[in-house]
Amino acid sequence: TIFVLLLLPFSGWLIGIIGRNLRRKSAVAQAQQGEMLSQMDETLGGLRVVKAFNAETKLEKRFAALNERIRKSFNYLYARHNLATPLGEFVGTVVIAILLWFGGMLIVGEKSVIGPAEFIYYLVIFYSIIGPAKELSRASYGVKKGMAALDRIDIILNTENNIPEPKKPVQITGFHDKIEFIDLSFRYNTEWVLKDINLTVHKGQTVALVGQSGSGKTTLIDLLPRFYDVKKGKILMDGVNIKKIHTHDIRKLMGNVNQDAFLFNDSFFNNIAFGVDEATMEQVVEAAKIANAHDFIMATEHGYESNIGDRGNKLSGGQRQRISIARAILKNPPILILDEATSALDTESEKMVQKALESLMKNRTTLVVAHRLSTIKKADEICVLHEGRIVERGKHEDLIQLNGHYKKLVDMQSF
Ligand SMILES: Nc1ncnc2c1ncn2[C@@H]1O[C@H](COP(=O)(O)OP(=O)(O)O)[C@@H](O)[C@H]1O
Ligand SMILES: [Mg+2]
């Protein structure tokens, strides 16, 4: 009896320790898995921004680091788990075995009755061993399942990009002269969403695209950084078809500020420095000042090191927009692509954003989907898109005179 009393607490203690440790590690692993999901979500959701800023490598590194941490946790966890369960049962089995053996000895010693005790003894041992054995085979099945999942991940990772890179890319040395859209048509599926577009943007000019929602403005500006490839016609950059230029080189020339400012769950600093390989604090602060973002950043607890929350949810719409403008200012590209936001900006932050945009557009070639009349009025050329065609073009006053699509849009204030 004493023997039993000693043995049971000891084995209980052993299993308890393993179990507790496992639970703690498992909580860590769960948290890491959550982090991975949110990182994947924001990377996929912000793919356009990632590509536009040539930040693939940066994010790949971030993801690889997290992956490595998760791999370690799970390796540990599974090793322990697969060890602990059979171990627990083994301990149980051993306890029973020792008990029975001990009891058997007593029986044998005092009364010399072997038969029933021995029978039960073997029976119980046999029964107990089945469990751990099953557990082991289940573990090996789990490993196989994991391998299969890994294969599928491999397939996704190795999927080819649908924008083919040129075999012998033309090296470009910057942007010098003009961008030309020539007889360009484009469709996502069967329906043509852009038809016979002809447009030349000279260096230093601002060209505004206006038109109803769904008229093809975003699609047109997405073709320039090669988010999609032109189906008919071509786009020339200083006379070179952009299909012959490596996407990385082309995107290096451009800065994008999009309708939804895409921010990452990271610090202000990292969000602004996102598009450049290495940035100093001074450069980041400088960009933020120009973008009218410095003051509200400094008002946060840790300044530039403050985390902005999941997709920047700790910020207002106008603040997010100014961060993404600071990002473009820091990248300092010769060509600017703006898809202006109207939604979710109050008058005050609208003014701030407007000022920030004006500083950004200074001395640059800009292609802008314009919602604000003030931006449109300053444009060198306004193109009115209607159902995928440029139906009117010219300066603000001339287009008002025409009394056509543009006049209607301005009257309705609906761009
Ligand atoms: N990724 C896409 N796949 C298929 N159709 C799309 C896609 N993006 C836009 N479209 C379609 O292309 C047309 C032009 O859209 P878009 O360029 O977003 O217009 P705008 O920016 O002027 O509002 C719309 O009919 C829209 O439904
Ligand atoms: Mg749009």
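All ligand and atom numbering here is 1-based and tracks the order in the structure.
- Heavy-atom distances between Q212 and ligand 1 reach below 4.0 Å in at least one pair.
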### Message
Could you go through N332 and R364, starting from their C-alpha distance and side-chain angles, then the distance that decides it, and tell me whether this counts as side chain to side chain donor-acceptor pair (under 3.5 Å)?
### Response
CA-CA 9 Å; N332 194 19; R364 270 180 241 271; 2.9 Å; yes
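- In terms of protein heavy-atom proximity, atom 5 (N) of ligand 1 is closest to Y188 CD1, 3.2 Å.
- For atom 24 (C) of ligand 1, the nearest non-hydrogen atom from the set G214, G388, S213 comes from G214.
- Atom 27 (O) of ligand 1 is never approached by the protein to below 4.0 angstrom, counting heavy atoms only.
- Relative ring orientation between Y228 and Y188 is described as perpendicular, the plane-to-plane angle rising above 60° on a 0-90° scale split at 30° and 60°.
- For the pair D229 and F186, the tightest heavy-atom approach, listed with the atom from each and the gap, is O-CE1, 3.2 Å.
- Classification of D183 and K232 as a salt-bridged pair fails, no side-chain N sitting under 4.0 Å from a carboxylate O.
- Of all atoms in ligand 1, listed by their number and element, those nearer than 4.0 Å to a heavy atom of T219 are 14 (C), 15 (O), 16 (P), 17 (O).
- For the atom pair F227 CZ and T247 OG1, the distance stands at 10.0 Å (nearest 0.5 Å).
- Within a 4.0 Å radius of atom 9 (C) of ligand 1, the protein has at least one heavy atom.
- Those atoms of ligand 1 with a heavy atom of V193 less than 4.0 angstrom away are 12 (O), 13 (C).
- Residue contacts with ligand 1 do not include F186, since none of its heavy atoms lies under 4.0 Å from the ligand.
- Heavy-atom proximity to Y228, at under 4.0 Å, picks out these atoms of ligand 1: 1 (N).
- Between H396 and Y406, the ring centre distance stays below 6.0 Å.
- Remark: of the listed residues I221, V210, L220, I221 is the sole one forming a side chain to side chain contact (heavy atoms under 4.5 Å, CB included) with V369.
- The shortest N or O to N or O distance between T218 and ligand 1 is below 3.5 Å.
- Of all the heavy atoms of F227, none lies under 4.0 Å from any atom of ligand 1, so neither backbone nor side chain is involved.
- The Mg ion (ligand 2) has T218 among its coordinating residues (N/O/S atom, backbone or side chain, under 2.8 Å).
- Paired with T365 under the rule side chain to side chain contact (heavy atoms under 4.5 Å, CB included), one option of H202, K203, K178 passes, and it is K203.
- Aromatic ring pairs are classed by plane angle as parallel below 30°, tilted from 30° to 60° and perpendicular above 60°; the pair F268 and F296 is perpendicular.
- Heavy-atom distances between G216 and ligand 1 reach below 4.0 Å in at least one pair.
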